[in-house]
Amino acid sequence: MDAIIIVLIILVVLVFIALIKTIQVIPQASAAIVERFGRYTRTLNAGLNIVVPFIDTVRNRVDLREQVVPFPPQPVITQDNLVVNIDTVIYYQVTDARAATYEVSSYIQAIEQLTVTTLRNIIGGMDLERTLTSREEINAALRGVLDEATGKWGIRVNRVELKAIEPPTSIQDSMEKQMRADRDKRAAILQAEGVRQSQILTAEGEKQSAILRAEGESRSAALKAEGEAQAIRTVFESIHAGDPDQKLLSYQYLQMLPKIAEGDANKLWIVPSEIGDALKGLGGALGNFAPGGGNGNGDAAPAVPSTPKSLRPQPPTD
């Protein structure tokens, strides 16, 4: 009786194990390779799958999602014999689980080695300056080679990116000095342009100011001359309107002589020749009104006033 119970328990365990091996659940975006007696039979897709237990074997489960694999920095020699370290990142996706399992032993390692060799071939035909400025060109060339080579492995390379391109330390120092010199040069050029523009604007301002000043002075002189002419015209018209006689004119002339002699700088004063006529006219006028004088008909000689001391010619001083 005990032996029968043990046999039943063993049978139940075997049935349970058989059921587990028969039912295969494959997650979404995954695939499984099934071999029967060591030979490829079929590929299990996502979902519930039935296999023959103890005969069919699930060898490999493949992730069909896009994968990102960063590779360590690789030393690469440029065309001008400079060693640069380049970091790369590969974005790939398995499209055929069977080819990825049987066409290559390790597709990740194969992609890495293919990336290194292809990168060296591409960079070997470029100098350092072109390498630093042609990332898109390098990415496109690298992706084309990898996609063509990995197609038979059931893998599609979606993107290839260069994370960093690091030239030698000495080259980095030289590039930094060159960049600093270029920045200083541009700064000096901009400063010189600013000074030049400032001088041009200053000169234009001075020119405009001089033109406006000259126009103002010209207009002021014209207005002044016009005013003086108007004043002379008014005086002239007033004099003619008043009909002055010779006596009044002589008296006004003598009144103006002291003003002409004023000033500390006048060391020598020249008496105009017209002063004699003025004095004669003024003397005649005073003689007519002086006590005991003549009647103006030549009976008595007119008294001639003496010249004021301030109007007498002064000798020059040393």
Side-chain angles (χ1 to χ4, degrees), residues 66-93 111-148 156-228 265:
E66 185 175 8
Q67 305 293 320
V68 181
V69 179
F71 297 143
Q74 300 294 328
V76 181
I77 300 176
T78 61
Q79 188 178 11
D80 47 358
N81 297 324
L82 293 175
V83 180
V84 294
N85 293 322
I86 300 180
D87 295 349
T88 55
V89 179
I90 304 296
Y91 297 81
Y92 72 93
Q93 185 177 10
I111 292 175
E112 180 181 1
Q113 295 302 319
L114 183 60
T115 301
V116 172
T117 55
T118 305
L119 192 61
R120 288 177 178 175
N121 291 333
I122 297 173
I123 300 300
M126 299 181 178
D127 55 10
L128 179 61
E129 183 176 359
R130 185 181 174 189
T131 301
L132 295 175
T133 58
S134 304
R135 292 198 176 193
E136 292 297 332
E137 181 181 354
I138 297 173
N139 293 339
L142 191 59
R143 179 182 178 277
V145 174
L146 291 176
D147 197 19
E148 181 181 359
R156 182 178 67 246
V157 177
N158 296 327
R159 294 182 62 186
V160 179
E161 295 292 341
L162 301 182
K163 290 176 58 178
I165 301 177
E166 298 180 359
T169 306
S170 58
I171 300 299
Q172 292 181 8
D173 295 339
S174 299
M175 293 172 61
E176 185 178 355
K177 291 179 181 179
Q178 182 179 1
M179 293 176 61
R180 189 181 301 113
D182 291 339
R183 287 195 296 268
D184 294 341
K185 178 182 177 182
R186 288 196 297 269
I189 292 174
L190 292 176
Q191 185 177 2
E193 288 291 338
V195 173
R196 175 176 173 271
Q197 190 68 20
S198 176
Q199 292 177 352
I200 291 175
L201 294 177
T202 302
E204 288 291 337
E206 293 178 353
K207 176 182 176 182
Q208 294 295 329
S209 177
I211 292 173
L212 294 176
R213 191 181 301 110
E215 291 178 353
E217 292 177 355
S218 175
R219 184 171 180 82
S220 176
L223 293 176
K224 184 177 180 181
E226 184 178 354
E228 291 178 354

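Please read all numbers here as calculations on a predicted model, not as lab measurements.
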All heavy atoms of Val83 vs all of Ile77, minimum pair found to be CG2-CG1, 4.0 Å
Applying side chain to side chain donor-acceptor pair (under 3.5 Å) to Glu129 and not counting sequence neighbours gives none
For Gln67, the side-chain contact (heavy atoms from CB on, under 4.5 Å) test, sequence neighbours excluded, returns Asp63, Arg65, Tyr92
Minimal heavy-atom distance between Pro167 and Val84, with the atoms involved, is CA-CG1, 3.8 Å
Correct closest heavy-atom pair for Pro75 and Pro73 would be CD-O, 4.1 Å
Quick note, salt bridge (Lys or Arg N to Asp or Glu O under 4.0 Å) partners involving residues 184-205, not counting sequence neighbours, are Glu193-Arg196
Value for CD1 (Ile165) from OG1 (Thr88), rounded to nearest 0.5 Å, stands at 11.0 Å
So OG1 of Thr115 and CD1 of Ile86: to nearest 0.5 Å the spacing works out to 12.0 Å
The reported gap from CZ in Phe71 to CD in Gln113 (rounded to nearest 0.5 angstrom) is 9.0 Å
Closest heavy-atom pair, Asp87 versus Pro72, reported as atoms and distance to 0.1 Å, is OD1-C, 4.1 Å
Across all chains, not counting sequence neighbours, the side-chain contact (heavy atoms from CB on, under 4.5 Å) partners of Arg159 are Tyr91, Glu161
- Item | Arg143 side-chain N/O to Asn158 backbone N/O, donor-acceptor pair under 3.5 Å | yes
When rounded to the nearest 0.5 Å, the distance separating CG of Asp127 from CG of Leu132 is 9.0 Å
Closest non-hydrogen atoms of Leu162 and Arg135, given as atom of the first, atom of the second and distance, are O-NH1, 3.3 Å
d(Met126 CE, Ile138 CD1) to nearest 0.5 Å is 4.5 Å
When every non-hydrogen atom of Leu142 is compared with those of Leu119, the smallest separation belongs to CD1-N, 3.9 Å
Residue set satisfying side chain to side chain donor-acceptor pair (under 3.5 Å) with Ser209, at least two apart, ordered chain then number -> Arg213
side-chain contact (heavy atoms from CB on, under 4.5 Å) filter on Ile211, not counting sequence neighbours, yields Lys207, Glu215
